[in-house]
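Some notes on the structure that comes next.
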Amino acid sequence: MPAPATDPLWLQNTPTRSYPQLSGNVEVDVAVIGGGIAGITTALLCKRDGARVAVLERGVVAGGATGYTTAKISALQQTKLAQIQRIHGQPTATMYAGASLEAIALIETLIREHEIDCSWERLPDWTYAAYESQVDAVREQAEVARGAGLDVHETTATPLPFEVAAAVRLDDQAQFHPVRYVHALAQLIPSDGSHVFERTAVAKFDDGDPGTLTTEDGHTVSARAVVVCSNYPLLDRGLFFARMKAARSYLVAARVADEPAQAMAISAGEPTRSMRPYSDEGGVHWVLVGGEGHSTGAQEAQPERYEALERFAREHFDVVDIPWRWSTQDGMPLDNLPYVGRYLPGSQHLFVNAGHQKWGMTNGTIGARIVADQIAGRLNRYADTFDPNRIAVRAAPELVKAQATVGAHLIGDRLAPAEAASADEVPRGEARTVREGIAKVGVHRDDDGELHTVSLRCTHLGCLVHWNAAERSWDCPCHGSRFDIDGAVLAGPAVAPLETRDVS
């Protein structure tokens, strides 16, 4: 039986501070949903403007996408600039590159101001062609990056432990320990009427002056501004779920015998291979290898994804062992730009900072700056570029394709036959769909033989969830909601758990 995923390297032996669960009603100036880098940075910047803030995190601070990232901080970003240029044009790609550089500078400023110990270091970042078929993509990225004002260099000589067909390098980018950084910022928030709440899930929002958030426990937070900084935007206003895809990708942390090359790198095409070095406080050297991505809820969510990354690591590095393996989820806007700003046209109280498309360290940070400026009544030069209410005509084919996929799952998954005749057929450590009357239920038998049975109907918009064998979770193929083996929400846009079921 394949080994299950673990917690990320970043969450191992990392001193953190816990925060209380909301247990009453609170009034603040700004309420922030989400305790990752986007939410915590947004709250901190708003507090520095004099606002009373409250962060509401479903789980624990930095325990979501931020704690599961590779934590590469770059303006190069694989082939992202070229993708943006194709849809929005070179001026928008230039603004995006500038926003990324400004985000890096803001992170470094906060680290230096508050003397944060988070393994911050400046390194070159590379996009490379693993095969000849990827050379054109590298060259296109280099051309667009150069046009955006980035001082990039094209070469085939890299510090990677294998030959490449082409590569583009951007110097003076960065990497760090994301959990230590975000926890250090979070500790600056409580006091003077500001709060950080963990294990506090938001169930609904009532617009008004002030707006009111209600938690699953029935407590309320009133605020003149509410900022949605969850990985996938909650509340379903603005129809973000229809304009985004949810994507999963996988990482392994390999302990290596010798210090690896001090460079970050990612391939320009599939199969994606992303790498970065890390040396911990004990002098142990690591290489993080990521890739093997696919849409959330797809049948590709299998343990073999980890095995492919482990083979790559052992082939190219002097690996001692690979103790950590984990996956992450990203919201991917169909037009390749994050959603940052007023949630709806003319909205005075509701804002969003989400859809960071695998580059949340920079996008979440510059998004925090944009939203804080808007709440304070300041202009921000990047606000129009990231406007969540923009219209991108060239992204229309992707939108049509995404909705066709949703429609296919809504109908096709209900017509598909059950995978087992009864719960007796479900092996330990695995799951099957079982017909119960006219409906199907999801049955997982854990390693101890205990059954966990849930309704397959996603509580967001009713698609049927699929079993994720790599993470042992139930994932929605339509809009990316994820649930644990007992139906509890792991990731939105769903806010309500799956119903539990009895099965014969």
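Side-chain contact between Glu198 and Arg58 is absent, with no heavy atoms from C-beta onward closer than 4.5 Å. Val256 places none of its side-chain heavy atoms less than 4.5 Å from the side chain of Trp286. With contacts defined as side-chain heavy-atom distances shorter than 4.5 Å, the pair Asp335/His88 qualifies. Side-chain contact between Leu288 and Trp324 is absent, with no heavy-atom pair separated by less than 4.5 Å. Two residues are said to be in side-chain contact when any heavy atoms from C-beta on lie closer than 4.5 Å; Leu76 and Val152 meet this criterion. Inter-residue side-chain proximity for Thr362 and Glu102 is flagged as unmet; no heavy-atom pair is nearer than 4.5 Å. In this structure the side chain of Val61 reaches within 4.5 angstrom of the side chain of Val182, judged on heavy atoms. When side chains are defined from C-beta on, Phe176 counts as touching Tyr181, because their heavy atoms get closer than 4.5 Å.
For Asp387, the side-chain contact (heavy atoms from CB on, under 4.5 Å) partners are Asn389, not counting sequence neighbours. Scored by the salt bridge (charged side-chain N to carboxylate O under 4.0 Å, His left out) test, Asp258 finds no partners at all (sequence neighbours excluded). By the side chain to side chain donor-acceptor pair (under 3.5 Å) test, Gln173 pairs with no residue at all, sequence neighbours left out. Take Glu132 and apply the side chain to side chain donor-acceptor pair (under 3.5 Å) test, not counting sequence neighbours, and it matches no residue. Listed by chain and number, the residues in a salt bridge (charged side-chain N to carboxylate O under 4.0 Å, His left out) with Glu140 are Arg86 (sequence neighbours excluded). Scored by the side-chain contact (heavy atoms from CB on, under 4.5 Å) test, Glu315 finds no partners at all (sequence neighbours excluded). Residues that satisfy the salt bridge (charged side-chain N to carboxylate O under 4.0 Å, His left out) test with Arg311, not counting sequence neighbours, are absent from this structure. For Ala265, the side-chain contact (heavy atoms from CB on, under 4.5 Å) criterion is met by Trp126, Tyr128, Leu160, Met275, not counting sequence neighbours. Every residue meeting the salt bridge (charged side-chain N to carboxylate O under 4.0 Å, His left out) condition with Arg378, not counting sequence neighbours, appears here in chain and number order: Asp49, Asp373. Under the side chain to side chain donor-acceptor pair (under 3.5 Å) criterion, Thr459 pairs with no residue, sequence neighbours left out. With sequence neighbours excluded, no residue satisfies side chain to side chain donor-acceptor pair (under 3.5 Å) with Asp172.
Atom CZ in Arg169 sits 12.5 Å away from atom CE in Met264 (nearest 0.5 Å). Here the CD1-OG1 distance, from Ile266 to Thr70, works out to 7.5 Å after rounding to the nearest 0.5 Å. Residue Arg369 holds its CZ atom at 11.0 Å from CD of Gln374, rounded to the nearest 0.5 Å. The CG atom of Leu251 sits 11.5 Å away from the OH atom of Tyr68 when rounded to the nearest 0.5 Å. To the nearest 0.5 Å, atom OG1 of residue Thr92 and atom CD1 of residue Ile87 are 10.5 Å apart.
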- Task: Apply salt bridge (charged side-chain N to carboxylate O under 4.0 Å, His left out) to the pair Arg305 and Glu310, showing each step before the final yes or no.
- Result: CA-CA 9 Å; Arg305 296 290 173 178; Glu310 291 184 7; over 6 Å; no
- Dump the intermediate steps for disulfide (SG to SG under 2.5 Å) on Cys476 and Cys458, then the final yes or no. CA-CA 7 Å; Cys476 179; Cys458 179; 4.0 Å; no
- Message: Before you tell me yes or no, could you show the steps for Phe386 and His356 under ring pair (Phe, Tyr, Trp, His ring centres under 6.0 Å), namely the whole-Å CA-CA distance, both residues' side-chain angles and the distance that decides it to 0.1 Å?
- Response: CA-CA 11 Å; Phe386 292 83; His356 298 140; 9.0 Å; no
- Task: Show your working on ring pair (Phe, Tyr, Trp, His ring centres under 6.0 Å) between Phe312 and His316 and close with a plain yes or no.
- Result: CA-CA 6 Å; Phe312 179 89; His316 297 294; 4.6 Å; yes
- Task: Show the numbers, then the answer: is there a side-chain contact (heavy atoms from CB on, under 4.5 Å) between Val489 and Phe483?
- Result: CA-CA 5 Å; Val489 176; Phe483 307 85; 3.9 Å; yes
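Proximity of a side-chain donor or acceptor of Ser100 to a complementary backbone N or O of Tyr96 within less than 3.5 Å is detected. Distance alone, capped at 3.5 Å, places no donor-acceptor pair between the Gln175 side chain and the Ala71 backbone. With Asn380 contributing its side chain and Tyr382 its backbone, the two residues share a donor-acceptor pair below 3.5 Å. A donor-acceptor distance shorter than 3.5 angstrom exists from the side chain of Gln134 to the backbone of Ala130, with no hydrogens or angles considered. Formation of a donor-acceptor pair under 3.5 Å by the Asp7 side chain with backbone atoms of Leu11 is not found in this model.
Contact record, Ile73 with Met361: CG1-CB, 3.9 Å, taken as the closest heavy-atom pair. Listed here is the closest heavy atom pair of Thr127 and Gln78: OG1-O, 3.0 Å. Nearest heavy atom pair, residue Ala75 against residue Leu101, reads CB-CD2, 3.7 Å. Nearest heavy-atom pair, Val179 versus Gly67, reported as atom, atom and distance to 0.1 Å: CG2-CA, 3.8 Å. Between Val144 and Gln90, the shortest heavy-atom contact is O-NE2, 3.2 Å. Of all non-hydrogen atoms in His460 and Ser481, the two that sit nearest each other are CB-OG, 4.1 Å.
His294 and Tyr250 have tilted rings, their planes meeting at an angle from 30° to 60° on a 0 to 90° scale. Classification of the Tyr278-Trp10 ring pair by plane angle, with boundaries at 30° and 60°, yields perpendicular.
A donor-acceptor contact closer than 3.5 angstrom links the side chains of Glu108 and Trp120. Residues Ser274 and Lys72 have side chains that bring a donor and an acceptor to within less than 3.5 angstrom of each other. Ser473 and Arg482 form a side-chain donor-acceptor contact under 3.5 Å, judged by distance and modelled atom types alone.
Shown here is Tyr131, whose OH atom has no more than 12 heavy atoms of other residues, nucleotides or ligands within 6.0 Å. In this structure, Glu115 places its CD atom where only 12 or fewer heavy-atom neighbours from other residues, nucleotides or ligands lie under 6.0 Å away.
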Acceptor/donor pairs from residues 35-48 side chains to any protein atom, 3.5 angstrom cut, sequence neighbours excluded:
{"unit_1": "Thr41", "atom_1": "OG1", "unit_2": "Ile37", "atom_2": "O", "d": "2.6"}
{"unit_1": "Thr42", "atom_1": "OG1", "unit_2": "Ala38", "atom_2": "O", "d": "2.6"}
{"unit_1": "Thr42", "atom_1": "OG1", "unit_2": "Asn353", "atom_2": "ND2", "d": "3.4"}
{"unit_1": "Lys47", "atom_1": "NZ", "unit_2": "Leu188", "atom_2": "O", "d": "3.3"}
{"unit_1": "Lys47", "atom_1": "NZ", "unit_2": "Ile189", "atom_2": "O", "d": "2.6"}
{"unit_1": "Lys47", "atom_1": "NZ", "unit_2": "Ser191", "atom_2": "O", "d": "3.4"}
{"unit_1": "Lys47", "atom_1": "NZ", "unit_2": "Ser191", "atom_2": "OG", "d": "3.0"}
{"unit_1": "Arg48", "atom_1": "NH1", "unit_2": "Glu113", "atom_2": "OE1", "d": "3.2"}
{"unit_1": "Arg48", "atom_1": "NH2", "unit_2": "Glu113", "atom_2": "OE1", "d": "3.4"}

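When each of Arg273, Gln302, Arg248 is checked for a side chain to side chain donor-acceptor pair (under 3.5 Å) with Glu292, only Arg273 meets the rule.
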